[in-house]
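For ligands, and for the atoms within them, numbers begin at 1 and follow the listed sequence. The chain is numbered in sequence order, starting from 1.
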Amino acid sequence: MTCNNNLIPSDMIKQQVANVYENSYGQAPVMVFSPGRLNIIGEHTDYNEGFVFPAAIDKGIYAACGRSDSKLCKVTALDMKESYEFTLDNIAPLENGGWRNYILGVVNGIHDTGKKLAPFNLVFGGDIPEGAGLSSSAALENAVVFSLNELFSLGLSKEEMIFISQKAEHSFVGVKCGIMDQFASMFGQKNTALLLDCRTISAKAFDIDLQEYQILLINTNVKHSLSDSAYNKRRAVCEKVASLLDVKALRDVKTTHLSSISEQITDEEYQMALYVIQENKRAQKAGIAMKANDIAELGQLIYASHHGLQHQYKVSCEELDFLVDLAKLNPNIAGSRMMGGGFGGCTINIIKKDAVRNYAEKTAAAYLEKFKNNCSVYEVSLSQGTHLI
Ligand code: GLA
């Protein structure tokens, strides 16, 4: 069984980031932790101004940051063993820049607010598996904006910071993401999930006590390459349908309303918009189920979400469907679905605590046999959002 949960203890990563910074620059840094996120339900609803139900997790990015005594900024990505130097007067996205574009995008976003930065050095590392759909990118963006805000006393609010992070992703990385990931990473609270209204950017906090159940993430360890372009295409379909219906976003649309334009859009587009309308309702119903401690209802909503993501929104993949189909066969699992943008990454499972070990072993074996590749199992706790450490 590959249960590579907490392979590297987070304290070690934190220490390593701090040591590398201090050894390189000879001064004590500003240190920040910024978490990744999971999402219980409400997928692809955020950029439709709907509801999502995410939580920050105890895996994330550790950043150490301080002033530079030259004109250069230097950023070191420990996990990649790469560094990048740049000056603040010439910030533009790099072709195939990878992680560098998240940093540059945030710096550019801060400039756009009119706030002044001075040259800085930053070292970061983390324990979010890349491509797992746990938002390592939002964690990195938030870590950078939060560190720079602290270092230069910029006075940015957390809300301003998440929009800077999101804009970095739109204009420097090219993914037209919603606000869920950055919000959850920044505003997460311990043992809490946030039912976020993505129109008003206001969230209701839910204590997460799943009684005899717990959350289990299973990573397919695949990330299909079309995911970014497919994401932007889905978003464009949603915007097209909203504009045909003359509303601001699909959040404002009812099913009957959608039927009135069925002749003007393809069946595929119709199903995608229908999925968003239905998923938005499911996310709100999940809040009610959670409040009532109705795990069975929550689980059914989660299964229905996957069904929609697979057949209507078409952002799932064979590996994710395989894991969800396995879960359905097991009475100890109340609900299972793909999580995040899709085309790989993790499933989220609501599973009986005493069934975790057995299920993890069986799933790992079945997955290996089917795909000749390992899946990974993570037990995560819900954690505080981006903060100084
Ligand atoms: C990615 C995006 C989010 C959201 C999810 C799908 O994680 O970054 O904004 O749209 O996909 O729910």
Atom 5 (C) of ligand 1 has as its nearest protein heavy atom Met180 CE, 3.8 Å
In ligand 1, the atoms that come under 4.0 Å of a heavy atom of Cys177 are 2 (C), 8 (O), 9 (O)
Exercise for review: May I ask you to check whether Asp46 has an N/O atom sitting below 3.5 Å from an N/O atom of ligand 1?
Suggested key: yes
The option among Glu279, Glu43, Met339, Met338 carrying the non-hydrogen atom nearest to atom 6 (C) of ligand 1 is Glu43
| query | Run the side-chain contact (heavy atoms from CB on, under 4.5 Å) check on Glu318 and Phe371 step by step: do they pass? | reply | CA-CA 10 Å; Glu318 205 191 341; Phe371 297 107; 3.9 Å; yes
Between the CG atom in Leu301 and the CZ atom in Arg282, the distance rounded to the nearest 0.5 Å is 7.5 Å
Nearest non-hydrogen protein atom to atom 1 (C) of ligand 1, with distance, is Asp181 OD2, 3.7 Å
Atom 10 (O) of ligand 1 has as its nearest protein heavy atom Tyr231 OH, 2.5 Å
So for Lys176 against ligand 1, with non-hydrogen atoms under 4.0 Å, the contacting part is neither
Original post:
Transitively linked via ILVMFWY side-chain contacts under 4.5 Å: Leu329 with Val377?
Top reply: no
Worksheet item: Is it true that Asp252 and Arg199 make a salt bridge, defined as a side-chain N closer than 4.0 Å to a carboxylate O?
Response: yes
Margin query: What I want to know is whether Asn39 and ligand 1 share at least one N or O pair that is separated by under 3.5 angstrom.
Written below: no
Note: ligand 1 atoms sitting under 4.0 Å from heavy atoms of Gly178 are 9 (O)
Does Arg251 come within less than 4.0 Å of Asp197, counting only side-chain N to carboxylate O? yes
Taking only non-hydrogen atoms of Tyr47 and a 4.0 Å limit, the atoms of ligand 1 in range are 10 (O)
Between ligand 1 and Arg234, can you find any atom pair, the residue atom being a heavy atom, that is separated by under 4.0 Å?
no
Is the Phe53 to Phe51 ring centre distance short of 6.0 Å?
no
Check: of Gly133, Cys198, Gly341, min heavy-atom distance to atom 11 (O) of ligand 1 comes from Gly341
For Arg37, the atoms of ligand 1 under 4.0 Å from one of its heavy atoms are 7 (O)
CD1 of Ile208 to CD of Gln189, rounded to nearest 0.5 Å, is 11.0 Å
Point to revise | Check ion pair Glu319-Lys370 (N to O, under 4.0 angstrom) | key: no
Output, in order, the C-alpha distance, side-chain angles, deciding distance and verdict of side-chain contact (heavy atoms from CB on, under 4.5 Å) for Leu156 and Leu148. CA-CA 10 Å; Leu156 294 166; Leu148 296 177; over 6 Å; no
- Item | Any N/O pair Gly42/ligand 1 closer than 3.5 Å | no
Atoms of ligand 1 under 4.0 Å from any heavy atom of Gly340, numbered from 1 in the order shown, are 6 (C), 11 (O)
*Basic-acidic side-chain contact under 4.0 Å: Lys285, Glu297*: no
